[in-house]
Number of protein chains: 2
Amino acid sequence: MSILFSRQCEYAIQGVLYLALKPEGEMTSIKELTKRLDIPYHFLGKILQRLAAKGLLMSLKGPTGGFALTKRAKDITLFDIVEAVDGSAFTKNCVLGFPECSGKNPCAVHNTWGRMRDEIYEMLVSKNISDMAKEMKKPEYRVAG
Amino acid sequence: MSILFSRQCEYAIQGVLYLALKPEGEMTSIKELTKRLDIPYHFLGKILQRLAAKGLLMSLKGPTGGFALTKRAKDITLFDIVEAVDGSAFTKNCVLGFPECSGKNPCAVHNTWGRMRDEIYEMLVSKNISDMAKEMKKPEYRVAG
DNA sequence: TCATATTCAGATTTTTCTATCCGAATTTAA
DNA sequence: TTAAATTCGGATAGAAAAATCTGAATATGA
Ligand code: SF4
Ligand code: SF4
């Protein structure tokens with residue numbers, strides 16, 4: 001069970017973080033990404049294609065081709081990625097899964113969870129990819145070297 | 001996409017909350033539960049059976065049979081249910097899905113998420129089923145009357 | 001005793017998510 | 001011009017989760 005984000009979304013985050021380490025404009029191939037991050041090749045391909053279709057990434061075919069960010073890493077937040085892949089339903093849905101509860105007469109977890117959800121959202125929009133990526137240069141993140 | 005808890009776990013919570021409204025020792029059938037809560041009949045059956053096997057519920061066959069809590073609602077926390085159904089992996093796994101990160105050199109979200117995860121855990125163990133169930137008597141929770 | 005209402009156990013189906021496969025289109029560089 | 005390396009698009013396969021089906025076991029009460 002993956003928490004908070006789908007597997008696909010986790011891969012997307014990991015991939016974009018890796019791209020953010022590259023000099024602006026440089027293309028990175030799926031091959032390189034999957035080798036470094038230990039993500040299934042074709043699956044990551046699909047994921048990045050979708051991110052490209054949504055405008056978050058650009059892509060180029062052919063040798064020397066690959067993917068790159070369309071904006072500066074400073075201007076991309078975690079939330080941008082999460083929203084593009086998993087959507088933002090978590091900001092609205094009841095955490096207990098009740099389908100028709102408005103929260104007008106809030107139950108015992110409503111406000112508590114509401115605060116946490118806001119904090120999570122705040123975390124996602126306040127963390128930019130550039131800052132996070134810098135932390136990733138450490139060797140322990142290089143899974144499967 | 002359900003947040004935090006699997007669908008099955010959400011159903012379990014909803015079911016147990018409903019049981020907590022009943023007088024101690026009274027049996028409630030799957031039929032009644034699913035009618036009130038709008039949960040698939042056979043699916044909830046399976047879920048409650050598993051909770052019974054784990055000792056959280058007791059069950060009785062035959063007419064007048066059904067399910068009931070084994071402990072007083074005051075003594076059951078949300079975490080008891082969540083752990084029985086989804087496990088407690090969320091207290092340990094990396095929120096970004098990195099498989100081999102120890103957090104020795106924490107990335108930008110590690111500590112922030114760590115705090116939130118602790119808060120979530122704290123919420124789950126501090127909320128008892130009795131208190132929560134009282135809130136559920138309100139009509140808006142009665143989905144599909 | 002017998003019809004009925006329930007849980008129980010296991011198999012099966014359906015749906016959703018994850019992952020793979022294949023061939024076409026594009027780009028590069030020799 | 002041609003071979004090679006890549007992304008692209010769509011189909012497909014596999015795995016996991018959600019939901020259903022079936023028949024057996026058990027308990028109730030008439
Ligand atoms: S009040 Fe409780 S049940 Fe209703 S939406 Fe909020 S958390 Fe969910
Ligand atoms: S430091 Fe970052 S990548 Fe590592 S476990 Fe913590 S949140 Fe995950």
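The sequence lines fix the lettering, A, B, ..., with proteins before strands; numbering per chain opens at 1.
Side-chain atoms of B:Tyr11 and B:Arg7 form a donor-acceptor pair, as typed in the model, at a separation below 3.5 Å. A:Asn128 and A:Thr77 are not linked by any side-chain donor-acceptor pair at a separation below 3.5 angstrom, with hydrogens and angles left out of the test.
The side chain of A:Ser29 lies closest to D:dT6 when the candidates are C:dG10, D:dT6, D:dA19. Listed nucleotides D:dA18, D:dG10, C:dC8 differ in distance to A:Lys46; the shortest reach to its side chain belongs to D:dG10. Out of D:dT20, D:dA18, C:dA29, the shortest distance to the side chain of A:Thr64 is found at C:dA29. Nearest nucleotide to the A:Tyr11 side chain, out of D:dT7, C:dC8, C:dA19: C:dA19. Side chain of B:His42, nearest nucleotide from C:dT7, C:dT28, D:dT20: D:dT20. The side chain of A:Pro63 sits closest to C:dT27 out of C:dT27, D:dG9, C:dC8. Across D:dT7, D:dA25, C:dT18, the shortest atom-to-atom separation from the side chain of A:Ser6 is found for C:dT18. Distances from the side chain of B:Arg7 to the nucleotides C:dT7, D:dA18, D:dC21 place D:dA18 closest.
A residue-by-residue look at A:Phe43 and A:Gly62 shows that A:Phe43 has its nearest nucleotide of DNA chain C further toward the 5' end.
A salt bridge is absent between B:Arg115 and B:Asp118; no separation between the charged side-chain nitrogens and carboxylate oxygens falls under 4.0 Å. Electrostatic pairing of A:Glu122 and A:Arg117 does not count as a salt bridge here, judged by no charged N lying under 4.0 Å from a carboxylate O.
Residue A:Glu10 contributes atom CD, which lies 14 Å from atom P of C:dC17 at whole-angstrom precision. Protein atom NZ of A:Lys61 is 12 Å distant from nucleotide atom P of C:dT28, rounded to whole Å. At whole-Å resolution of the value, CZ in A:Phe5 and P in C:dT18 are 14 Å apart. The distance from atom CE of B:Met58 to atom P of D:dA27 is 12 Å, rounded to the nearest whole Å. In this structure, A:Tyr41 atom OH and C:dT20 atom P are separated by 12 Å, rounded to whole Å. Distance, A:Gln49 CD to C:dA24 P: 17 Å, rounded to whole Å. A straight line from CZ of B:Phe67 to P of D:dT26 spans 16 Å, rounded to a whole angstrom. C:dC8 atom P lies 14 Å from atom CD1 of B:Ile47, rounded to whole Å.
Contact annotation: A:Lys31 side-chain N/O to D:dT6 OP1/OP2 distance is under 4.0 Å. For the pair A:Gln8 and C:dT18, the criterion of a side-chain N or O lying under 4.0 Å from OP1 or OP2 is met.
Among the protein residues, B:Gly45 comes within range of no part of the nucleic acid, since none of its heavy atoms lies under 4.0 Å from any strand. No engagement by B:Leu48 is indicated, since no non-hydrogen atom pair under 4.0 Å with the nucleic acid exists.
For the atom pair A:Tyr41 OH and A:Lys31 NZ, the distance stands at 7.5 Å (nearest 0.5 Å). Between the CZ atom of A:Phe90 and the CZ atom of A:Phe5 there is a distance of 7.0 Å, given to the nearest 0.5 Å.
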